[in-house]
Amino acid sequence: MEQRRFKDIVAFKWNQGAPLAFHARNLEIAEISEDTWNQMSQESLGADDAAVALKNWELENSPDVKSGRLSVGIRSLTINVTQICNLKCTYCAAGGDGTYGSAQTKINVEKTLPQLKFFLERVPTGGRFNITFLGGEPLLYPDGIQEIGNYVRLMTAGQNVQASFSIVTNGTLINEKTLKVLTSLKTNITVSLDGPAETNDKARPSKDGRGSTSLVVEGLKQLSAVRESLGRLTLHGVFNRENLELVKAYEFYKTLNADRYEFTYSVEENDDASNKLFVDQMNQIADMAYKAGGEEELRKVGIFDQYFNALDNQQQTENFCGSGKSFLVMDAKNNLFTCPWEVGNKEEQVGQGTDVDFARMEAEQAPLIEKNNCQSCWARFLCGGGCMFIHKKGTGSKHQKDGQFCFRTRSLIGTTFMYYKLSRATC
Ligand code: SF4
Ligand code: SF4
């Protein structure tokens, strides 16, 4: 794929078909002529009709495009209901064993309910509030999940606030009791699974060293049996140089009857060759998915669906995530942090119980694309400035961009454009 740029217009040319141009501010895609493509290789555009049309398009600011600004107001809370785990994943971000180094292994529900009340009372009428149960392994404490869920349902009943529930689980603890909890809250479920047994068992073994894949597959069967009572079922894999078999993982995922697949490049990985291999495999997956089932199948891959949505709705993103603005994480001691990966880091702690430092959060309100100095990036309104934790891992500063992240993001956005054009052309 070749790429050219004129200010906020970036154009791509693949082996086949007309070049495609993207208007970075308006989130519009259009085919351009060979003449315009050739103009874009010049130092400055010429004066013929194609050049004038391109200049005029670049100057347009669509009235339909929606701003992606976020203001401080917590609409999403991740709760570490446990800080203990039954697996011992090689890349565990929670202190290597799910505990984050803390002796407190599960949340105290009695202390948590007033904290939930505090946040729920601040959701405006007609608003939404999502709770994500995380750990450790959250399904080690199903009673806690049930109590929290019931309380949120009670608090929002008749309040015109839409509450939703999500969980990120290793999928090995699905049984009659946990199924009852998950279905009672119509929970959106993300199951961590890094591919078929030969790879997943190495990355995600149990504490005694045995593989976890067969338990996960059994758990997914049980979830499938009650699908109509659950929210969305996502399979999520983490990939690094030890496991870059994304295509194999995708083929395996397709046998497991999920709604969505997420492929994440490990935050610990910083190898350029692995980064490129990750992108190559994502492109292969896009090709396989599109050939097998067109737009619908492609959009089962979360990242492509996200960009399709943004393009369809002309919805800019100015914050990669709502960290510290619309989203907080509560640890098992009811401390509040800006990001799941920052649990235990005092610098990222913004509260305890109902004592929340909103003044500090207000001070962080500027959009990430500004804070991370992304103004000249053509992908900024689809990316939103990137993940601060990945940036910090790569560069030492959360507002200093990680080059590998930017490469991955721009590459996958470019891939999306090609399939977006193909999909819309056949409508
Ligand atoms: S790709 Fe990189 S430079 Fe572009 S918006 Fe994202 S983080 Fe910023
Ligand atoms: S900074 Fe990154 S890891 Fe943290 S909440 Fe945002 S997207 Fe998630």
Side-chain angles (χ1 to χ4, degrees), residues 3 5 7-8 10 12 22 24-25 27 68-70 72 74-80 91-94 100 130-132 134 166 168 190 192 234 236 238 262-269 275 278-279 282 302-303 306-307 310 315-331 336-345 347-350 361 364-417:
Q3 193 180 312
R5 183 163 179 186
K7 297 184 180 178
D8 254 348
V10 62
F12 302 84
F22 169 66
R25 299 187 308 281
L27 306 186
R69 297 234 158 191
L70 283 176
V72 171
I74 302 306
R75 303 288 175 266
S76 176
L77 200 57
T78 288
I79 305 179
N80 283 0
Y91 51 76
C92 175
Y100 294 87
N130 183 70
I131 291 194
T132 300
L134 195 67
S166 309
V168 181
T190 297
S192 306
T234 301
H236 174 243
V238 175
E262 305 274 8
F263 300 85
T264 296
Y265 191 68
S266 168
V267 292
E268 302 292 339
E269 190 56 81
N275 198 40
F278 179 91
V279 170
M282 286 299 289
I303 193 75
Q306 178 189 321
Y307 296 141
Q315 173 64 63
Q316 293 181 343
T317 300
E318 295 187 54
N319 296 281
F320 184 82
C321 68
S323 166
K325 295 185 173 88
S326 61
F327 162 77
L328 289 178
V329 183
M330 187 191 297
D331 75 359
L336 294 162
F337 296 91
T338 55
C339 160
W341 294 81
E342 297 286 10
V343 166
N345 177 2
E347 277 177 28
E348 293 295 335
Q349 185 170 346
V350 292
M361 287 159 64
E364 294 286 318
Q365 206 187 343
L368 281 182
I369 57 170
E370 288 173 20
K371 291 176 92 75
N372 298 355
N373 202 14
C374 299
Q375 289 91 337
S376 64
C377 173
W378 60 261
R380 64 195 181 280
F381 288 122
L382 288 173
C383 167
C387 165
M388 289 179 280
F389 190 75
I390 293 176
H391 291 336
K392 192 164 98 172
K393 273 280 185 187
T395 68
S397 160
K398 66 180 182 178
H399 295 309
Q400 188 78 41
K401 297 173 292 280
D402 174 60
Q404 289 189 355
F405 173 89
C406 296
F407 172 82
R408 282 196 306 280
T409 302
R410 292 195 200 111
S411 301
L412 295 178
I413 289 175
T415 302
T416 306
F417 292 158

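Start at 1 and go down the list; that is how both ligands and their atoms are numbered.
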For a distance under 2.8 Å, give residue and atom name for each protein N, O or S atom next to atom 4 (Fe) of ligand 2. Cys339 SG
Closer than 4.0 Å to some heavy atom of Phe320 - which atoms of ligand 2 meet that?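 Contacts of ligand 2 toward Phe320, numbered from 1: 7 (S).
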Could you tell me which atoms of ligand 2, counted from 1 in the order shown, lie closer than 4.0 angstrom to a heavy atom of Phe327? 5 (S)
Given Ile79, Thr78, Leu134, the one that forms side chain to side chain contact (heavy atoms under 4.5 Å, CB included) with Val329: Thr78
Which of these, Val279, Leu412, Asp402, sits in a side chain to side chain contact (heavy atoms under 4.5 Å, CB included) with Phe407? Val279
If you round to the nearest 0.5 Å, how far is CG of Asn130 from OG of Ser166? 4.0 Å
Separation between CD of Glu318 and CD of Glu370, rounded to the nearest 0.5 Å: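 Interatomic distance, Glu318 CD to Glu370 CD, rounded to 0.5 Å: 7.0 Å.
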For the residue pair Phe405 and Phe389, is the inter-centroid distance of their aromatic rings smaller than 6.0 Å? no
Could you find the nearest protein heavy atom to [atom] and give me its residue, atom name and distance?
atom                    : answer
atom 5 (S) of ligand 1  : Arg380 CA, 3.5 Å
atom 3 (S) of ligand 1  : Lys401 CD, 3.2 Å
atom 8 (Fe) of ligand 1 : Cys374 SG, 2.3 Å
atom 6 (Fe) of ligand 1 : Cys383 SG, 2.4 Å

Quickly, which of Lys325, Glu347, Glu348, Gln349 forms a side chain to side chain donor-acceptor pair (under 3.5 Å) with Thr338? Name it, please.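 So, applying the side chain to side chain donor-acceptor pair (under 3.5 Å) to Thr338 and each of Lys325, Glu347, Glu348, Gln349, only Glu348 qualifies.
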Between His399 and Leu368, is there a donor-acceptor pair closer than 3.5 Å when you use the side chain of the first and the backbone of the second? no
Does any N or O in the side chain of Thr395 come within less than 3.5 Å of the main-chain N or O of Lys401, such that one atom is a donor and the other an acceptor?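 Such a contact is absent between Thr395 side chain and Lys401 backbone.
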Contact check: Cys377 to atom 4 (Fe) of ligand 1, N/O/S below 2.8 Å: yes
Can you confirm whether Gln375 sits close enough to Ile369 that some side-chain heavy atom of one is under 4.5 Å from a side-chain heavy atom of the other?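 A side-chain contact is absent here, since even the closest heavy-atom pair is not under 4.5 Å.
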Within the stated cut-off of 2.8 Å, is an N/O/S atom of Cys406 closer than that to atom 2 (Fe) of ligand 1?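 Of the N, O and S atoms in Cys406, at least one lies under 2.8 Å from atom 2 (Fe) of ligand 1, which means yes.
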Measure up the Trp378 and Phe417 rings against each other and bin them: parallel (under 30°), tilted (30 to 60°), perpendicular (over 60°). tilted
